[in-house]
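Computation of the quantities below employed the complete heavy-atom set of this structure, encompassing side-chain atoms and omitting hydrogens, waters and symmetry-equivalent molecules. A quick note: this is a predicted structure, and the numbers were derived from the prediction, not measured. We're numbering straight along the sequence, starting at 1.
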Amino acid sequence: HVNLVESGGGSVQAGGSLRLSCEASGEGDFRCMAWFRGGISNDRREKVGSIDVDGEMDLGHSAKGRFTLSRNDLKNILTLQMNDLRIEDSDIYYCAAEWSCYYQSEYYHTWGKGTQVTVFS
């Protein structure tokens, strides 16, 4: 069983930056780690980005050019660096893990509880 804990959320002025972290613990095989946001359930979230153990990164449309992912597999930490934040980026951000990287959130079965990001003008 894998446990995911997010941290790093908060409030920032538009144009600013935030760094979110997701720490994984427990036993399990998860080649893919990802960030999603929003949605009222795990199967309705917007993909922010994912990265697999080979470092292959896939960013959602809203994240391209502004966000980047990195993962430290020795420490089991996934990091989301968010730059040039916009008001519409305000949401709850969730970390997810799965054997493979998928675009749809419904295919991910391991989730953190989320961290709030608020961007103000």
Side-chain angles (χ1 to χ4, degrees):
H1 178 71
V2 176
N3 186 47
L4 303 176
V5 178
E6 302 96 336
S7 61
S11 297
V12 65
Q13 192 168 22
S17 299
L18 277 177
R19 178 178 294 177
L20 305 184
S21 293
C22 171
E23 184 170 359
S25 60
E27 296 185 2
D29 256 333
F30 46 96
R31 291 179 51 84
C32 182
M33 296 186 76
W35 286 98
F36 288 82
R37 67 187 186 186
I40 59 174
S41 61
N42 290 344
D43 59 347
R44 292 289 188 270
R45 305 199 196 286
E46 176 190 353
K47 185 176 185 180
V48 177
S50 63
I51 184 169
D52 67 16
V53 290
D54 298 321
E56 184 171 340
M57 185 166 52
D58 177 43
L59 292 174
H61 177 73
S62 62
K64 289 180 180 178
R66 300 187 299 130
F67 299 176
T68 189
L69 293 165
S70 61
R71 62 187 285 174
N72 182 329
D73 288 321
L74 291 178
K75 297 182 179 179
N76 287 331
I77 295 177
L78 171 70
T79 300
L80 174 65
Q81 176 67 43
M82 303 188 292
N83 299 324
D84 189 24
L85 282 161
R86 304 165 182 165
I87 292 175
E88 53 265 36
D89 293 318
S90 297
D91 219 322
I92 299 176
Y93 284 68
Y94 298 89
C95 179
E98 190 53 67
W99 174 253
S100 294
C101 286
Y102 302 99
Y103 193 82
Q104 298 92 336
S105 64
E106 64 186 295
Y107 296 119
Y108 291 77
H109 297 93
T110 302
W111 291 88
K113 293 182 178 180
T115 185
Q116 177 71 50
V117 170
T118 302
V119 185
F120 56 91
S121 59

| said: Side chains of His1 and Thr110, heavy atoms from C-beta outward: is any pair under 4.5 Å? | reply: no

| message | Is there a path of hydrophobic side-chain contacts, each under 4.5 Å between heavy atoms of I/L/V/M/F/W/Y residues, joining Met33 to Leu18? | response | yes

| note | The complete set of ring-ring contact (aromatic ring centres under 6.0 Å, His included) pairs with one or both residues in residues 63-96, sequence neighbours excluded, reads none

| said: In this structure, would Phe36 and Ile92 fall into the same cluster of hydrophobic residues linked by side-chain contacts under 4.5 Å? | reply: yes

| said: Determine whether a donor-acceptor pair (N or O, by modelled atom type, separation under 3.5 Å) exists between the side chain of Asp73 and the backbone of Asn76. | reply: no

| task | Kindly work out whether a path of hydrophobic side-chain contacts (I/L/V/M/F/W/Y, heavy atoms less than 4.5 Å apart) joins Leu4 to Val117. | result | yes

| Shortest non-hydrogen separation from Asn72 to Lys75 and the atoms involved | OD1-N, 3.1 Å

| field | Residue pair Cys95 / Trp35, side-chain heavy-atom distance below 4.5 Å | value | yes

| note | Between Asp84 and Arg66 the two heavy atoms that sit nearest each other are O-NH1, 2.9 Å

Enumerate donor-acceptor pairs with a distance under 3.5 Å from any side-chain N or O in residues 102-109 to protein atoms, sequence neighbours excluded.
residue	atom	partner	partner atom	Å
Ser105	OG	Asn42	O	2.6
Ser105	OG	Arg44	N	3.3
Ser105	OG	Arg45	N	3.1
Tyr108	OH	Tyr102	N	2.9
Tyr108	OH	Tyr102	O	2.7
His109	ND1	Glu98	OE1	2.9
His109	ND1	Tyr107	O	3.4

| message | With a 6.0 Å cut-off (strictly less than), is the heavy-atom count around CD of Glu56, excluding the residue itself, greater than 12? | response | no

| said: For residues Val2 and Leu78: do they belong to one hydrophobic cluster (side chain heavy atoms under 4.5 Å, members Ile, Leu, Val, Met, Phe, Trp, Tyr)? | reply: yes

| field | Spacing of Asn83 atom CG and Arg19 atom CZ [to the nearest 0.5 Å] | value | 9.0 Å

| remark: In this structure, CG of Asp52 is separated from CG of Asp58 (nearest 0.5 Å) by 10.0 Å

| task | Give, for atom CD1 of Ile51 and atom SG of Cys32, the distance between the pair rounded to the nearest 0.5 Å. | result | 9.0 Å

| said: Before you tell me yes or no, could you show the steps for Ser62 and Arg37 under side-chain contact (heavy atoms from CB on, under 4.5 Å), namely the whole-Å CA-CA distance, both residues' side-chain angles and the distance that decides it to 0.1 Å? | reply: CA-CA 11 Å; Ser62 62; Arg37 67 187 186 186; 3.2 Å; yes

| remark: Closest heavy-atom pair, Ser121 versus Ile87, reported as atoms and distance to 0.1 Å, is CB-CD1, 3.7 Å

| said: Going by disulfide bond (SG atoms under 2.5 Å apart), name the pairs with one or both residues in residues 58-88, residues two or more places apart or in two chains. | reply: none

| field | Separation of Met57 CE from Lys64 NZ (nearest 0.5 Å) | value | 10.5 Å

| message | Could you report the tightest heavy-atom contact between Val119 and Gln13, atom names first, then the distance? | response | CG1-C, 4.1 Å

| said: Determine whether Glu46 and Val48 satisfy the following criterion, side-chain contact (heavy atoms from CB on, under 4.5 Å), listing intermediate values before the conclusion. | reply: CA-CA 6 Å; Glu46 176 190 353; Val48 177; 5.7 Å; no

| said: Can you confirm whether Glu6 sits close enough to Leu20 that some side-chain heavy atom of one is under 4.5 Å from a side-chain heavy atom of the other? | reply: no

| said: To the closest 0.5 Å, what do you measure between CD (Gln81) and OG (Ser21)? | reply: 9.5 Å

